[in-house]
Amino acid sequence: MMMALASLVGAILIGVILTKFGTLKLQWVTLLLAFIGISAFYWVLDAHLAIQIVTLIIIGLGLGGAMTLASNAIMSNADDKHSGMAASIEEVSFEFGGSLGIAILGGLFSVFYSLFFNFNSNSIDLSKAKGSLDETLIQAEQLPLSISNKLIEAGKAAYDDAFSLIIIISILSLAFTIILLIWMDLKHKRLPE
C-alpha cells in the first residue's frame, strides 16, 4: 500500500521536474533511488515494520518516477498520427515486462526454495513439501507435532533464503541497468549538438 502511494507521489514529482533535467539523467537517478531502497530493504528484513515501510516508500518513489519517465519518453517521441500506436506499444511493453519479471523471478524463487529446503526424514514424502511454503504447511498439518514443527521451520528458513537471493538478483539487475543508463547519458552528452 505505502509503496503504491509512494509510486504515485514519485510519478507526480518527476512530472514537475521533468522539464528542468534530461529524461535520461532522471531515468538513472530514479532507478538509483529504487536501488537504494531495495538495498536498504535487504538489510532491514528483520528490522521493525516502520523501518521496512520507509525502505518500501523509497522504492516506490524511485519506481514511480522511472515508469513515468519511460512512458513520457515513448509518448513524447511519437507524432500525433502514431500516438495511438505508441500508447499501445507502451502498454504492451509495461504488461509484458511485468509478466516476464514475475515469471522469471517467481520461477527462480521456486528453484531456490527447493534447493534451500533442508529437512531429512524417511517417514514422509518430501517431494511436495519442497515445492513451496504452502505445500510445506499442508504437509505439516498431516504430521505429528514434533515432526510438523521442524518441517515448518525448514520451510520458513528455505523461504527466507530464497527471498533474500531474489532481492540480491533484483539489486544486481538494477545496478546493471543504472550503469548502462549512466553510460548512455555520458555518451549522449559527448555528441555534438
Side-chain angles (χ1 to χ4, degrees), residues 1-77 89-113 115-116 133 157-191:
M1 169 85 174
M2 295 307 294
M3 190 170 158
L5 289 174
S7 182
L8 174 65
V9 172
I12 293 168
L13 290 176
I14 220 62
V16 172
I17 64 171
L18 180 58
T19 55
K20 297 177 184 175
F21 304 97
T23 301
L24 201 52
K25 177 179 215 129
L26 285 175
Q27 190 69 50
W28 69 257
V29 169
T30 55
L31 288 177
L32 182 62
L33 185 62
F35 172 83
I36 291 167
I38 291 174
S39 299
F41 183 72
Y42 175 79
W43 294 108
V44 299
L45 282 174
D46 295 325
H48 191 271
L49 181 61
I51 296 170
Q52 293 180 17
I53 289 173
V54 169
T55 61
L56 292 174
I57 289 171
I58 294 169
I59 296 167
L61 286 170
L63 292 180
M67 289 190 296
T68 300
L69 287 166
S71 176
N72 181 67
I74 292 169
M75 294 308 297
S76 64
N77 287 302
I89 291 170
E90 173 199 4
E91 184 62 26
V92 168
S93 299
F94 176 76
E95 295 294 334
F96 179 70
S99 300
L100 192 63
I102 290 169
I104 291 171
L105 293 178
L108 285 173
F109 186 90
S110 294
V111 169
F112 295 147
Y113 182 85
L115 290 174
F116 292 137
L133 183 59
Y159 185 92
D160 290 345
D161 291 343
F163 186 70
S164 295
L165 195 50
I166 290 298
I167 292 177
I168 290 169
I169 290 170
S170 301
I171 290 169
L172 294 175
S173 299
L174 258 178
F176 174 76
T177 305
I178 292 165
I179 291 168
L180 182 63
L181 286 170
I182 291 172
W183 176 77
M184 288 171 63
D185 189 26
L186 293 173
K187 186 178 175 185
H188 183 263
K189 286 178 184 173
R190 289 189 198 124
L191 290 175

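Since we're looking at a predicted model, the values are computed, not measured.
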Close side-chain approach of M2 and L56, heavy atoms under 4.5 Å: no
Trace of the side chain to side chain contact (heavy atoms under 4.5 Å, CB included) decision for L172 with F176: CA-CA 6 Å; L172 294 175; F176 174 76; over 6 Å; no
Heavy-atom neighbours of M75 CE exceed 12 at 6.0 Å: yes
Pairwise distance CZ(F112) to CD1(I166) - rounded to 0.5 angstrom: 5.0 Å
Full working for side chain to side chain contact (heavy atoms under 4.5 Å, CB included) between I14 and N72: CA-CA 10 Å; I14 220 62; N72 181 67; over 6 Å; no
Q27 backbone acceptor or donor facing T30 side chain under 3.5 Å: yes
Side chain S164, main chain D160, donor-acceptor under 3.5 Å: yes
Gap between atom CG of L32 and atom CG of L26 - 0.5 Å precision: 12.0 Å
For I51, side chain to side chain contact (heavy atoms under 4.5 Å, CB included) partners two or more places apart: V44, A47, H48
Interatomic spacing from CG in L31 to CD1 in I182 - rounded to 0.5 Å: 10.0 Å
Shortest non-hydrogen contact between L105 and S170, atoms and distance: CD1-OG, 4.0 Å
Donor-acceptor contact present, side-chain Q52 to main-chain F41, <3.5 Å: no
Side chains of residues 57-71: which donor-acceptor pairs under 3.5 Å do they make with residues two or more places apart or in other chains?
{"residue": "T68", "atom": "OG1", "partner": "G64", "partner atom": "O", "Å": "2.9"}
{"residue": "S71", "atom": "OG", "partner": "E90", "partner atom": "OE2", "Å": "2.3"}

Spacing of T55 atom OG1 and M3 atom CE [to the nearest 0.5 Å]: 9.5 Å
Spacing of CG belonging to L174 relative to CZ belonging to F35, to within rounding of 0.5 Å: 7.5 Å
For F163 against F109, the heavy-atom pair lying closest together: N-CE1, 3.4 Å
Y113 versus L133, closest heavy-atom pair with distance: OH-CA, 3.3 Å
Close aromatic pair by centroid cut-off 6.0 Å: Y159 and F116: no
Gap separating the CG atom of D161 from the CG atom of L115, nearest 0.5 angstrom: 11.0 Å
Short side-chain to backbone donor-acceptor contact, N77 and A73, under 3.5 Å: yes
Test side chain to side chain contact (heavy atoms under 4.5 Å, CB included) applied to W43 - qualifying residues, sequence neighbours left out: none
